[in-house]
Amino acid sequence: MAASLELSCWGGGWGLPSVHSESLVVMAYAKFSGAPLKVNVIDNTWRGSRGDVPILTTEDNIVSQPAKILNFLRKQKYNADYELSAKQGADTLAYIALLEEKLLPAVLHTFWVESDNYFTVTKPWFASQIPFPLSLILPGRMSRGALNRILLTRGQPPLYHLREVEAQIYRDAKECLNLLSNRLGTSQFFFGNTPSTLDAYVFGFLAPLYKVRFPKIQLQEHLKQLSNLCRFCDDILSSYFRISLGAFSCVNRYQQQIDFGEVHSHDSTT
């Protein structure tokens, strides 16, 4: 009998099973590899003190961070990359590094640093998922963590003027989106007709940027001009999460927990 695999993660909205990129990466990979996850969505009963999800829990292990979780699932024989060649495996690592260097800072900025987006969308949404008084503390902590991660990625000291960093990260992100679009072309997935680790990462980074309704949408506008990347996200949502493409309003998170096996509210300390 397979060991129990429980994933603690942020929940969904705007037609997404999760609005959190790193949670989405793991959820998509589990779908692609057939890993039978039981998903515990963080809600207002959460007793955790930090926002360091996703977290995978088994009888003997607690694993955090997407790369480590995916490696653990591979060791459990849930491998979405078994058909890839050595070159495709190397390309996967190179593209993931590109995503984390060039695209992730702009995604973090869009959600957590751009003030209109943060105060209108990000902060209210995340605060609504967690109990008081953590709801007053954690979003701000996550925002500061995102800013520090952006500045660290860019190699700048904490007091560096953010305007110059902003301009550069959005230029880099648009260039990265163009490269991804060119690489995908007319293919269904990045290595043909079967999704792999790279598809999970691209989906996890792009889908929230594509679907969440922000007041400031600079990068979102650019993404929506790249129709093959939008189609890529839509196809994964409809094929692997069985989410209707006809309704993308913000839905109650319990209605979002679609076809992922057994799904529970998060009710344990993390």
Side-chain angles (χ1 to χ4, degrees), residues 7-31 37 39-44 46 51 53-54 66 99 103-104 106-130 135 138-139 142-143 146 170 173 177 180 199-260 263 265-266:
L7 182 71
S8 300
C9 65
W10 294 106
W14 294 278
L16 297 170
S18 175
V19 302
H20 182 240
S21 285
E22 293 183 333
S23 296
L24 267 185
V25 169
V26 177
M27 294 169 79
Y29 183 86
K31 279 292 191 181
L37 294 188
V39 178
N40 296 324
V41 173
I42 288 174
D43 66 6
N44 58 17
W46 190 41
V53 294
L99 286 165
L103 184 58
L104 181 58
V107 174
L108 292 173
H109 189 277
T110 297
F111 272 79
W112 294 102
V113 181
E114 168 55 59
S115 61
D116 285 352
N117 293 346
Y118 174 71
F119 287 107
T120 303
V121 177
T122 309
K123 182 180 180 180
W125 189 90
F126 279 85
S128 74
Q129 311 301 298
I130 48 185
S135 58
L138 186 57
M142 293 173 72
S143 177
Y170 280 104
L177 290 175
L180 290 173
D199 298 283
Y201 270 89
V202 174
F203 173 73
F205 285 18
L206 294 191
L209 191 63
Y210 173 37
K211 294 298 184 184
V212 177
R213 292 173 181 160
F214 291 115
K216 294 290 184 67
I217 56 172
Q218 177 185 171
L219 195 56
Q220 189 178 70
E221 285 183 329
H222 187 79
L223 173 57
K224 288 185 175 181
Q225 294 172 7
L226 303 172
S227 59
N228 62 338
L229 293 182
C230 297
R231 184 268 308 158
F232 168 84
C233 293
D234 286 337
D235 284 353
I236 290 175
L237 286 169
S238 61
S239 298
Y240 290 90
F241 295 96
R242 298 187 182 179
I243 292 176
S244 169
L245 301 182
F248 283 108
S249 59
C250 185
V251 181
N252 182 289
R253 62 184 177 277
Y254 295 105
Q255 296 174 325
Q256 294 284 331
Q257 298 161 5
I258 298 172
D259 188 39
F260 220 112
V263 182
S265 298
H266 193 291

Could you give me the CA-CA distance, side-chain angles and deciding distance for T122 and T110, then say whether side-chain contact (heavy atoms from CB on, under 4.5 Å) is met?
-> CA-CA 9 Å; T122 309; T110 297; over 6 Å; no
Please report the shortest heavy-atom distance between [X] and [Y], naming the atom on each side.
X: H222; Y: L177; result: CD2-CD1, 3.9 Å
X: W10; Y: S18; result: O-OG, 2.8 Å
X: V41; Y: G11; result: CG1-CA, 3.5 Å
X: P54; Y: L7; result: CB-CD1, 3.8 Å
X: I130; Y: P139; result: CD1-CD, 4.2 Å
X: A106; Y: L219; result: CB-CD2, 3.6 Å

Could you tell me if the side chain of [Y] sits less than 4.5 Å from the side chain of [X], heavy atoms only?
X: N117; Y: P215; value: yes
X: L223; Y: L229; value: yes
X: F241; Y: L16; value: no

With rounding to the nearest 0.5 Å, note down the distance linking [atom1] in [X] to [atom2] in [Y].
X: C230; Y: Q220; atom1: SG; atom2: CD; result: 9.0 Å
X: Y201; Y: L99; atom1: OH; atom2: CG; result: 9.5 Å
X: K211; Y: K224; atom1: NZ; atom2: NZ; result: 7.5 Å
X: R231; Y: I236; atom1: CZ; atom2: CD1; result: 9.0 Å
X: L24; Y: K31; atom1: CG; atom2: NZ; result: 12.5 Å
X: F232; Y: S227; atom1: CZ; atom2: OG; result: 14.0 Å

Audit row: V26, C9, side-chain contact (heavy atoms from CB on, under 4.5 Å) steps and yes/no = CA-CA 9 Å; V26 177; C9 65; over 6 Å; no
Tell me, with the steps shown, if Y170 and H109 meet side-chain hydrogen bond (donor to acceptor under 3.5 Å, both in side chains).
-> CA-CA 9 Å; Y170 280 104; H109 189 277; 2.9 Å; yes
Quick one: do Y210 and D234 satisfy side-chain hydrogen bond (donor to acceptor under 3.5 Å, both in side chains)? Show the steps, please.
-> CA-CA 10 Å; Y210 173 37; D234 286 337; 3.0 Å; yes
D199-Y29 side chain donor-acceptor pair, cut-off 3.5 Å |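 Result is no, nothing qualifies.
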Does the pair F111 and Y118 meet the rule for a side-chain contact (heavy atoms from CB on, under 4.5 Å), with working shown?
-> CA-CA 6 Å; F111 272 79; Y118 174 71; over 6 Å; no
Let me see the working for M142 and L138 under side-chain contact (heavy atoms from CB on, under 4.5 Å), right down to the final yes or no.
-> CA-CA 6 Å; M142 293 173 72; L138 186 57; 3.7 Å; yes
Please say which of F214, F126, W125 ends up in a ring pair (Phe, Tyr, Trp, His ring centres under 6.0 Å) with W112.
->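 So the option named by the test is F126.
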